[in-house]
Amino acid sequence: MSEIALPSRVSRVSPLTFALSLAVIAFVIASFTTSGIAPDKLSRGIPALGRLVGQMFPPSVERLEPVLWSLLQTFQMAVAGTILGLIFSLPLAILAAPSLSPHPAVVWVVRSVVALFRTVPDLVWAIVFVIAVGLGPAAGVLALMVDTIGFAARFFAEAMEETEKGPREALTAMGARRSGIIFASVIPQALPSMINTSLFSLEKATRGSVVLGLVGAGGIGIELKVSLEMFDYDQAATIVIAIFLLVLAVERASTWVRNRIL
Amino acid sequence: MNVEFTSIKQSAEVGPSAAIAISGLTKSFTPGMPVFSDITLDIEPGSIVALIGANGAGKSTLLRCIPRLIEPDMGKIRVLGSNVLGPSRELRGVRTRIGFVFQKHNLVGRLSALTNVVHGAQARGFGAKAWLQSLAPQSIRKEALHCLGRVGLAAMAAQRADQLSGGQSQRVAIARALMQHPEIVLADEPAASLDPQAGDEVMQLFAALMRQEAKTVVFTSHNLSHSLLFADRVIALGGGKIVLDSPSARLRESELRDLYV
């Protein structure tokens, strides 16, 4: 029997791979240089951060009631935006799933639209809708709806594509209509994943809704902006804590629901 | 091959009275390597036919070509007088008259046995009312329960399909096919994924129900005793052709075993 040579510890790298690796390393170094991250800057920033935290504590409860009302409005924006987004996501997901869509061109168009919704940040959508419908929570709800569609339609479509093909084939074989196949076989199978995505969408929208006020799209963001601009850091601390508690509560609640349902 | 063929019946023309009439059917997945070619056969109404053959002989492919779950390359298929290879609207109409029982049951695991049986009503165009048992009218729910009763599973109507045993799942699939009111039932190795005892029980039940309702049945099987016991006629595929077509009463298991050598 001929002796088999021991494989080399390091695999050979082609000149192209080597050149690309060098380019990536150079780009990473350039990224740090351009962003101006430097140890001396960080060391100067730490005492300033300490002073800010010192001014934030103890948090002020002077305007607690209006802050809590704003917080409620923020959560309501998140709920409304998520639900509208989920409603639109379902038909879009069906059209974006290659095995359910009526035509590959429809898949391409819908996936492109959904990708556009996803890649443009919610803050940019908020600015767009503030211009379109004016200042206030309506713009925020629309921004959150679009952001939810970008997220949920994609994951709904993937969940539908991943369902077992057997039950679909059984309904196809008996002459069921496309709608029957989707609603009797595909959606029931994809439901756990879709519920999961919906809960994540709500969590994401709750986090997103907090900052939409910064551009005038309603919610607690405007309260935070005003507090920071007026140097009411103790007031800002109250708002930040309130936001933290809201996001935490929504995450906990959605985890509980997820565990109960799935 | 050391088999004396009792009869080989390959009609040249599609028979008008046949429940299923196949003529010149060819299918290949790889160009130049047909799974089968120029298959011609008639299935008489009310008969139970076993389709046998070694792995890769094309039994399941042939069976799936009948409701056009697999697209044949060439040939003609008429089911109950309708052209299966015609426009999609006509195809859907034909499919509603064909029940299909799959080897892997193909139930929606998260749904109840009753809902899976209710799905059979989709063949009769009940739309949204046949998506879930909770949406279905009382008459459909009662009929689905009756179908489950006929396969001995009425008591498990509310059970999720993924909590049933293999044999129970296959019974639910049979109940779903009954719910469809088909004139023809095709079954692709209905007992293959079950243990021998459950397989025998399911085949006995399946054949008995089909005989009661005088359905035309074609089932594929590797189990030669099932083929001889439950079918009126045995058709064997080999080398892409029909190598045996005979009434089961004239066959012995040892003869069929030789087809697998």
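The analysis underlying the following values was restricted to heavy atoms, covering all of them including side chains, and did not include hydrogens, waters or symmetry mates. Numbers restart at 1 for each chain; the letters A, B, ... are given by sequence-line order, proteins then strands.
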Worksheet entry | Winner by heavy-atom pair count (cut-off under 4.5 Å) against chain A, out of B/Leu186, B/Thr115, B/Leu111, B/Leu69 | B/Leu69
Worksheet, complete the sentence: The interface call for B/Arg97 against chain A, heavy-atom contacts under 4.5 Å, is neither
Worksheet, complete the sentence: Looking only at A/Ser179, A/Gly180, A/Ala176, most heavy-atom pairs under 4.5 Å shared with chain B are made by A/Gly180
Discussion item. Testing the basics here: between B/Arg110 and A/Gln189, what is the closest heavy-atom pair and its distance to 0.1 Å?
Written reply: CD-O, 4.3 Å
Response to the item:
Heavy-atom nearest pair, B/Val108 first then A/Pro188, reads CG1-CB, 4.1 Å
Worksheet item: What are the two closest non-hydrogen atoms of A/Ala184 and B/Gln122, and how far apart are they?
Response: CB-NE2, 3.2 Å
Practice prompt. Report, by ascending residue number, the residues of residues 146-173 of chain A in heavy-atom contact with chain B at a distance under 4.5 Å; give 'none' if the set is empty.
Written response: A/Gly166, A/Pro167, A/Glu169, A/Ala170, A/Leu171, A/Thr172, A/Ala173
Discussion item. Are more than 12 heavy atoms, taken from residues, nucleotides or ligands other than A/Phe18, located less than 6.0 Å from that residue's CZ atom?
Written reply: no
Worksheet item: Given that the side chain runs from C-beta out, which part of A/Ile187 has a heavy atom under 4.5 Å from chain B: side chain, backbone, both or neither?
Response: neither
Worksheet item: Is B/Arg92 reaching over with its side chain to a backbone N or O of A/Gly175, donor-acceptor style, under 3.5 angstrom?
Response: yes
Item to complete: Kindly compute the distance separating CZ (B/Arg176) from CE (A/Met174), expressed to the nearest 0.5 Å.
Response: 5.0 Å
Worksheet item: Checking B/Leu107 against chain A: side chain, backbone, both or neither under 4.5 Å from a heavy atom?
Response: backbone
